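So the structure is just underneath, and the comments pick up after that.
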Amino acid sequence: LHASPHRRVYLRCPVEVLSARIRADPGSALNRPSLTDAASPADPAEISRQLTQRESLYREVMTIELDAGTASPESLAAQILATLSAAKPP
C-alpha cells in the first residue's frame, strides 16, 4: 500500500458512535458478522478491540484522515471529495 499512487482515506470514528450507528441500522446489525465471540457486532467492547488491533495499520497506510464521528454522510462525502481534489498524490 505504501507504494500505491492512490490516496487512502481513514474515516476515524469513536467507538460509541460506531456502535450506535450499527445498532440504528437494522441491515447493518443483522448482516454484519461478529468479528469475535461477542453476541453483537454493535458491542462497544468488540469494536474497541478491533480498533485497537487495526488502528496502527490504518494510520500507517492512510494518506488522509477525516473525523467521521459527527459529520453527516453527505457532509463527509463532500469533505472527502474536497480533500481528495486538493491533496497532492502521495
Side-chain angles (χ1 to χ4, degrees):
L1 283 174
H2 290 289
S4 170
H6 304 288
R7 295 180 198 100
R8 293 160 305 278
V9 180
Y10 171 36
L11 301 176
R12 183 186 69 255
C13 193
V15 169
E16 301 78 23
V17 173
L18 291 170
S19 179
R21 288 179 180 170
I22 293 169
R23 281 193 316 273
D25 177 11
S28 181
L30 290 173
N31 297 313
R32 184 182 300 263
S34 180
L35 300 174
T36 65
D37 291 332
S40 166
D43 177 24
E46 177 179 12
I47 295 169
S48 181
R49 280 190 298 275
Q50 294 302 316
L51 280 177
T52 298
Q53 290 177 354
R54 298 175 180 181
E55 190 164 30
S56 63
L57 175 61
Y58 295 162
R59 290 184 179 281
E60 182 182 329
V61 300
M62 72 175 189
T63 57
I64 299 164
E65 180 177 357
L66 297 174
D67 181 2
T70 57
S72 70
E74 296 79 13
S75 171
L76 194 54
Q79 226 182 329
I80 291 168
L81 288 173
T83 304
L84 290 174
S85 296
K88 295 182 180 186

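This structure is a prediction, so every number in the text was calculated from the model and none was measured.
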- prompt: At what distance, to the nearest 0.5 angstrom, does CD1 of Ile64 lie from CD1 of Ile80?
  reply: 9.0 Å
message: Please list all pairs meeting ring-ring contact (aromatic ring centres under 6.0 Å, His included) that have one or both residues in residues 45-85, counting only residues at least two apart or in different chains.
response: Tyr10-Tyr58
- prompt: Quick one: side-chain contact (heavy atoms from CB on, under 4.5 Å) partners of Ser56, sequence neighbours excluded?
  reply: none
query: Taking only residues two or more places apart in sequence or in another chain, which ones pass salt bridge (Lys or Arg N to Asp or Glu O under 4.0 Å) with Arg59?
result: Glu55, Glu65
message: Tell me every residue that passes side-chain contact (heavy atoms from CB on, under 4.5 Å) with Val61, counting only those two or more places apart in sequence or in another chain.
response: Leu1, His2, Arg8, Leu57
- request: Name all residues meeting the side-chain contact (heavy atoms from CB on, under 4.5 Å) criterion together with Leu18; count only those two or more places apart in sequence or in a different chain, and write none if there are none.
  value: Cys13, Ile47, Leu51
query: Quick one: side-chain contact (heavy atoms from CB on, under 4.5 Å) partners of Ala77, sequence neighbours excluded?
result: none
- prompt: Okay, side chain of Ser19, backbone of Asp43: is any donor-acceptor separation there less than 3.5 Å?
  reply: no
task: Over all heavy atoms of both residues, which pair between Arg23 and Ala42 is shortest? Give the atoms and the distance, please.
output: CG-CB, 3.4 Å
field: Separation of Gln79 CD from Leu11 CG (nearest 0.5 Å)
entry: 9.5 Å
Between CG on residue Leu66 and OG1 on residue Thr83, distance to nearest 0.5 Å: 5.0 Å
Rounded distance [0.5 Å steps], CG in Leu84 versus OG1 in Thr63: 7.5 Å
